[in-house]
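Report on the structure given below.
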There are 2 protein chains.
Amino acid sequence: MSAVDKAFHGLRHMIATGRLVAGQRIPPEKDLCEELGVSRGSLREAVRMLAALRVIEPRHGSGTYVSQLRPEDIVGSLSLTVDLLPLTGLLQMYELRRVLEAHAAAQAAARLTPETLRVIFEHMEAMEATEDPSNVSALDHSFHAEIARIGGNPTLESLLGVFRARSRAYQVFTLPEGPHIKRASDEDHRAIATAIANRDPVAAAAAASAHVAHTEKWLHAFLSHVTEADRLSTSD
Amino acid sequence: MSAVDKAFHGLRHMIATGRLVAGQRIPPEKDLCEELGVSRGSLREAVRMLAALRVIEPRHGSGTYVSQLRPEDIVGSLSLTVDLLPLTGLLQMYELRRVLEAHAAAQAAARLTPETLRVIFEHMEAMEATEDPSNVSALDHSFHAEIARIGGNPTLESLLGVFRARSRAYQVFTLPEGPHIKRASDEDHRAIATAIANRDPVAAAAAASAHVAHTEKWLHAFLSHVTEADRLSTSD
DNA sequence: GACAGATGAGATGTCCGATGACTCTGTAGG
DNA sequence: CCTACAGAGTCATCGGACATCTCATCTGTC
């Protein structure tokens with residue numbers, strides 16, 4: 001086993017066995033090097049690995065701390081990597097997203113409060129009132145994020161946020177059929193919001209699932225559009 | 001921005017923009033240090049971060065390569081961290097697992113082949129025939145993994161594998177009511193397998209969902225049992 | 001000519017030492 | 001009582017040196 005692996009698994013074991021608990025400051029690098037039997041450089045590489053996985057948090061000048069180890073934080077570590085996935089992988093994630101968005105919408109319908117309902121409709125109506133792509137994108141995010149939040153499961157909320165961030169990178173509204181997509185999207189959102197307002201989990205799930213499926217279809221169109229443009233430009 | 005961040009985002013940008021593609025060997029450390037303007041130590045820490053996220057793979061003596069960037073690999077990076085989550089977080093993950101296992105079972109029912117059906121029943125019957133906890137645990141894993149595989153979505157398969165690995169750490173069959181749990185678990189598995197054999201996605205989803213809910217209940221019992229034991233032992 | 005082993009360049013892995021930058025605390029001064 | 005500052009402790013960064021591994025090439029033998 002390499003020195004970095006030794007340090008990585010050593011630290012991980014300290015957390016797994018409860019010797020280091022959430023929020024605690026871990027011993028300084030000098031002490032850990034001695035205990036784990038590795039050099040400072042190797043230890044630091046192991047620390048960075050755990051930091052990338054959101055398990056520990058180094059703070060310059062203060063020390064290195066174990067994170068709160070919330071599942072939503074751990075899941076959030078995927079946010080730095082999903083942007084790098086090729087398109088074939090993105091489609092697999094859409095299948096997950098469809099199922100999970102449906103569940104989140106159903107839970108939101110069951111757990112709704114009057115205040116949150118007002119927020120959802122505000123976002124939806126603001127979205128209907130604008131055509132600016134970046135505004136639409138931001139409001140779309142707020143709309144779905146609020147629904148996920150009401151669902152009551154921060155881990156699910158975080159995971160859906162990761163999926164959605166990747167999709168937002170594509171501006172499907174800039175397509176020739178953008179206006180049509182925008183209208184269809186508005187209708188989807190209203191269907192979801194209405195179902196939630198009616199406290200109808202089944203209808204909310206169905207509407208959310210359909211919305212994701214539509215998004216997937218539009219994304220396909222967008223991608224074939226840009227690849228076509230690439231093909232033409234590179235054939236010059 | 002710190003030197004490590006500069007190297008991390010620099011590398012990530014090279015992959016995101018397609019300058020480095022999946023499977024390709026990245027330039028040697030010396031060249032990257034010069035281009036990114038950081039020392040070799042800082043670059044190595046950034047490389048380790050991306051390696052922890054399964055984006056690149058250093059190979060001693062050969063070079064560092066961009067991974068295949070399959071979503072199932074990226075999701076697999078969670079396997080090193082879910083073991084560290086506290087119990088409160090585990091319950092949130094069970095809600096996701098319930099939904100996703102149900103979907104995987106439904107998909108398996110729709111995409112079943114005769115050969116895979118045989119494998120599923122073999123695992124199930126072997127499980128029914130043994131009481132040894134470690135055997136049961138291994139067969140339980142094989143049973144569910146095969147169903148997830150048939151589902152046809154490697155990303156979902158990988159994510160469910162991550163969730164299941166954490167649950168397997170608890171040996172619920174060692175409880176006083178272990179035999180009862182074992183029988184109930186066997187019945188759950190038979191219900192899932194039968195629904196899949198009947199190509200009934202709805203029944204398969206319902207059975208899988210119920211099974212996860214049962215697992216969650218038993219886990220609760222197990223945890224209150226061990227914490228009770230802890231309370232008694234520490235009060236001596 | 002074909003195969004096996006030796007060899008060398010090139011790459012990552014590891015360690016060491018020194019210095020810089022930042023945080024926090026305790027203390028002296030107002 | 002509050003502020004300002006000095007110092008210790010900690011992480012951040014750099015440069016260099018050597019070890020270890022991989023792979024392509026060369027070389028010798030058969």
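The stretch residues 20-29 of chain A has no heavy atom under 4.0 Å from DNA chain C, so no residue of it qualifies as close. Shown for residues 31-39 of chain B: residues whose heavy atoms fall under 4.0 angstrom of DNA chain D, namely B/Val38, B/Ser39. Near DNA chain D, meaning a heavy atom under 4.0 Å from it, residues 43-51 of chain A has A/Arg44, A/Arg48 in order of number.
Applying the salt bridge (Lys or Arg N to Asp or Glu O under 4.0 Å) rule to pairs touching residues 1-16 of chain B yields A/Asp83-B/Arg12, sequence neighbours excluded. Every pair passing salt bridge (Lys or Arg N to Asp or Glu O under 4.0 Å) that includes a residue from residues 140-154 of chain B is listed here, sequence neighbours excluded: B/Glu146-B/Arg149.
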Expected rows: protein N/O vs nucleotides 18-20 of chain D N/O, under 3.5 Å:
from, atom 1, to, atom 2, distance (Å)
D/dT20, O2, B/His60, NE2, 2.9

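With sequence neighbours excluded, no residue forms a salt bridge (charged side-chain N to carboxylate O under 4.0 Å, His left out) with A/Arg111. Contacts of A/Glu157 classified as side-chain hydrogen bond (donor to acceptor under 3.5 Å, both in side chains), with partners at least two apart in sequence or in another chain: none. Applying the side chain to side chain contact (heavy atoms under 4.5 Å, CB included) rule to A/Glu29 yields the partners A/Arg40, A/Leu43, A/Arg44; only residues at least two apart in sequence or on another chain are considered. Listed by chain and number, the residues in a side chain to side chain contact (heavy atoms under 4.5 Å, CB included) with A/Thr130 are A/Asp132, A/Asn135, A/Val136, A/Leu139 (sequence neighbours excluded). For A/His211, the ring-ring contact (aromatic ring centres under 6.0 Å, His included) partners are A/His144, A/His189, not counting sequence neighbours.
Summarising the geometry, the separation between NZ on B/Lys30 and C1' on D/dG16 is reported as 15 Å, rounded to the nearest angstrom.
Heavy-atom contacts of chain A under 4.0 Å fall on DNA chain C between two terminal nucleotides, which in 5' to 3' order are C/dT14 to C/dT23.
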